[in-house]
2 protein chains.
Amino acid sequence: MKPDTPHNETDAAGNGFIPNLAVDVVVFGFHDTELKVLLMQYSKTGLYALPGGFVRLNENLDDAAKRVAGERTGLRDISPEQFRVFGDMARHDPTPFISFMAADGGKPDPNHWLFQRFISVGYLALVDFTKVTPTPDKIFDSCNWYNLTDIPPLIQDHSAIVAAGLQWLQVILDSKLAGFNLLPAEFTMAELQSLYETVLGKKLLRPAFQRKMLGMGILERIAKKYSGGAHKAPYLYRFVSK
Amino acid sequence: MKPDTPHNETDAAGNGFIPNLAVDVVVFGFHDTELKVLLMQYSKTGLYALPGGFVRLNENLDDAAKRVAGERTGLRDISPEQFRVFGDMARHDPTPFISFMAADGGKPDPNHWLFQRFISVGYLALVDFTKVTPTPDKIFDSCNWYNLTDIPPLIQDHSAIVAAGLQWLQVILDSKLAGFNLLPAEFTMAELQSLYETVLGKKLLRPAFQRKMLGMGILERIAKKYSGGAHKAPYLYRFVSK
DNA sequence: TTATTATTGTAACATATTGATACAATAATA
DNA sequence: TATTATTGTATCAATATGTTACAATAATAA
């Protein structure tokens, strides 16, 4: 038993956590012109879910999201941002947790705290795909990237949370320079444009895109990249905050 | 005792409500070229606060905010929208509630549920100032409009919640036609512009503003208004959704 | 070594949007 | 009937965005 994790993290009472409150994190990555989402799976039942967790009694809400996202990705320097709270009664559905426990052989305690109604704060984490080590948790024994265009059915309202997370990303993409969190430290203009096109779901004109990005004054040109292709090699860029 | 209100709404255990979770509503109105906020006061201590409340065990989160805003304004047809969750430990400060109870003569139970740490969902309600009947609640015995430019110190982090609500309003003002909820059914272009200027905190050029508003195709021109001034009378407009 | 190819970087122009000025129209008052 | 203040909008200027075009060039092939 790890000393920094309460031994009652999944006990029937939920001691140590704020009741009825959860955080679910939509972790987006970008790879091969595809947006990827980090999903958990409980192999015995095959059910998929978002990385999620609960808020400790003396823990900042944002820190809970950071902890959850950090544990699933191995990343320490991320700051997930809340984008919406999901608080309808309609989202209450304990059957996935009942089936988890049934699959483990035990007889589920009908008063288990996980079966209660939960209000969940949705967080968005934008990460460098290449830096992530997907890591399972105590409930879900697998954790992996999935193409956003091809996600399996998720438990409860998690599909709606993913959809809302994408919508939010589209909104903040321009204003918050969110895109740069999804790319490695150095990238080509073509990669940046591909990211924008994937997130926004539409083609952009190359000259206008390049003009706009360079006009923001937040890109530093580094060196030539040898593309390997039979054509002019693109510059590499680095993001620099003003 | 009203049958539709749990008798334990403010008892020491907080039964019937989700623990550690609150909703606070920033109710904005617009009157005399000023943005107004609805604030509660507990007269014996003089402390001010946002209209707020708790979430019933079987209540949708949004419905809790609607209930709270409805009870304080007398309006039934409003849909407050969440704009941010406030979940830092730093916001935890039970002293206002302790002083309320002390002022009432009773000896505060140190384990009273109100003294616990709360995570609060901030909601924004945009209302027609002229339609509101400010109504106190069980904790605060007064409820009134205050000029946003001149709000008294508020308990806990409620000032920050108001500030965040205003910022959010500035963001959604254009995209969500939020302004129209703040005006009466019929209004002049000058009134609409004044609202925009007040919310955004800057002057706008009249011809460009008018062109933009008319260009959106959501305004219906009604009839002449007799302004009473020694000048050309303005049109009246009505908002029509497409 | 020299074409060929595919892609990059950007100039150049067209179009659309927004900023700013100007002015006729007009409702109340003098 | 002249005066005044404000409204509605035309007009032009400035800026931003959409689009086409083309020279530059890195790898490959002739």
Side-chain angles (χ1 to χ4, degrees), chain A residues 32-33 170-177 179-180 183-184 186-240 242, chain B residues 32-33 170-177 179-180 183-184 186-240 242:
Chain A
D32 281 345
T33 77
Q170 291 171 341
V171 168
I172 65 170
L173 185 60
D174 255 19
S175 54
K176 290 206 177 174
L177 311 173
F180 299 101
L183 290 175
E186 302 183 352
F187 47 86
T188 66
M189 192 59 75
E191 285 164 351
L192 183 58
Q193 182 173 347
S194 160
L195 166 60
Y196 267 70
E197 290 178 340
T198 304
V199 169
L200 300 177
K202 66 177 180 190
K203 286 282 169 201
L204 301 173
L205 286 169
R206 195 171 57 85
F209 181 80
Q210 176 137 343
R211 179 175 55 198
K212 181 172 145 188
M213 286 299 141
L214 295 180
M216 294 196 302
I218 52 166
L219 290 185
E220 188 186 6
R221 204 171 258 182
I222 311 175
K224 289 287 182 179
K225 176 198 179 188
Y226 296 94
S227 69
H231 53 73
K232 181 175 178 179
Y235 287 106
L236 275 180
Y237 295 91
R238 177 192 302 148
F239 171 70
V240 285
K242 269 180 296 195
Chain B
D32 280 347
T33 77
Q170 291 171 341
V171 169
I172 65 169
L173 185 60
D174 256 18
S175 53
K176 290 206 178 174
L177 311 173
F180 298 100
L183 290 175
E186 302 184 350
F187 48 86
T188 66
M189 193 59 75
E191 286 163 352
L192 183 59
Q193 182 174 346
S194 160
L195 166 60
Y196 267 70
E197 290 178 340
T198 304
V199 170
L200 299 176
K202 65 178 179 189
K203 287 283 169 201
L204 301 173
L205 287 170
R206 195 172 57 85
F209 181 81
Q210 176 136 341
R211 179 177 54 197
K212 181 172 145 187
M213 287 299 141
L214 295 179
M216 293 196 301
I218 52 165
L219 290 185
E220 187 186 6
R221 205 171 256 183
I222 311 176
K224 288 286 183 180
K225 176 197 181 187
Y226 296 93
S227 68
H231 52 75
K232 182 175 179 180
Y235 287 106
L236 277 179
Y237 294 91
R238 179 192 300 148
F239 171 70
V240 285
K242 271 180 295 196

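Naming: A, B, ... by sequence-line order, numbering from 1 per chain. Atoms considered below: every heavy atom in the structure, side chains included; atoms not considered: hydrogens, waters and symmetry mates.
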Quick check: any donor-acceptor pair below 3.5 Å linking the side-chain of B/R206 to the base of C/dG19?
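No.
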
Rounded to the Å, how far apart are [X] [atom1] and [N] [atom2]?
{"X": "A/K232", "N": "D/dA23", "atom1": "NZ", "atom2": "P", "result": "12 Å"}
{"X": "A/L204", "N": "C/dT8", "atom1": "CG", "atom2": "P", "result": "15 Å"}
{"X": "A/K212", "N": "D/dG18", "atom1": "NZ", "atom2": "P", "result": "8 Å"}
{"X": "B/Y235", "N": "D/dT7", "atom1": "OH", "atom2": "C1'", "result": "9 Å"}
{"X": "B/M213", "N": "C/dT18", "atom1": "CE", "atom2": "P", "result": "11 Å"}

Across all strands, who's sitting opposite C/dA30 as a Watson-Crick or G-U wobble pair, both distances under 3.5 Å?
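Pairing partner, where one exists within any strand: D/dT1.
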
Base-pairing assignment for C/dT1 (Watson-Crick or G-U wobble, both under 3.5 Å)
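WC or wobble partner is D/dA30.
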
With a 4.5 Å limit on heavy-atom distance, are the side chains of A/L214 and A/Y237 in contact?
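In contact.
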
Going by heavy atoms in the side chains, are B/E191 and B/T33 under 4.5 Å from each other?
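Side-chain contact under 4.5 Å: no.
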
Is there a donor-acceptor contact under 3.5 Å from the side chain of B/S194 to the main chain of B/A190?
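Checking the backbone N and O of B/A190 against the side chain of B/S194, no donor-acceptor pair under 3.5 Å is found.
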
Side-chain donor or acceptor of B/Q170 paired with backbone N/O of B/V199 under 3.5 Å
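Side chain of B/Q170 to backbone of B/V199: a pair is present.
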
Nearest to the side chain of [X] - [options]?
{"X": "A/L205", "options": "D/dT19, C/dA27, C/dT10", "result": "D/dT19"}
{"X": "B/R211", "options": "C/dA20, C/dT7, D/dT9", "result": "C/dA20"}
{"X": "B/H231", "options": "D/dT6, D/dA26, C/dG9", "result": "D/dT6"}

Taking the nucleotide of DNA chain D with the nearest heavy atom to each, does B/A233 or A/A230 sit closer to the 5' end?
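Checking each residue's closest nucleotide, the 5'-ward one belongs to B/A233.
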
Tell me whether the rings of A/Y196 and A/F209 are parallel (<30°), tilted (30 to 60°) or perpendicular (>60°).
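Rings of A/Y196 and A/F209: perpendicular, over 60°.
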
Would you classify [X] as touching base, sugar-phosphate or nothing, given that sugar-phosphate means primed atoms plus P, OP1 and OP2, and contacts are heavy atoms under 4.0 Å?
{"X": "A/A208", "result": "base"}
{"X": "A/P234", "result": "sugar-phosphate"}
{"X": "A/L214", "result": "sugar-phosphate"}

Please test A/M216 against A/L177 for side chain to side chain contact (heavy atoms under 4.5 Å, CB included), starting from the C-alpha separation and ending with a verdict.
CA-CA 10 Å; A/M216 294 196 302; A/L177 311 173; 4.1 Å; yes

Does C/dT8 have OP1 or OP2 under 4.0 Å away from a side-chain N or O of A/Q210?
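Checking C/dT8 against A/Q210, no side-chain N or O comes under 4.0 Å of OP1 or OP2.
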
Check DNA chain C against residues 187-197 of chain A and give the residues with a non-hydrogen atom under 4.0 Å, in numerical order.
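Only A/A190 qualify.
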
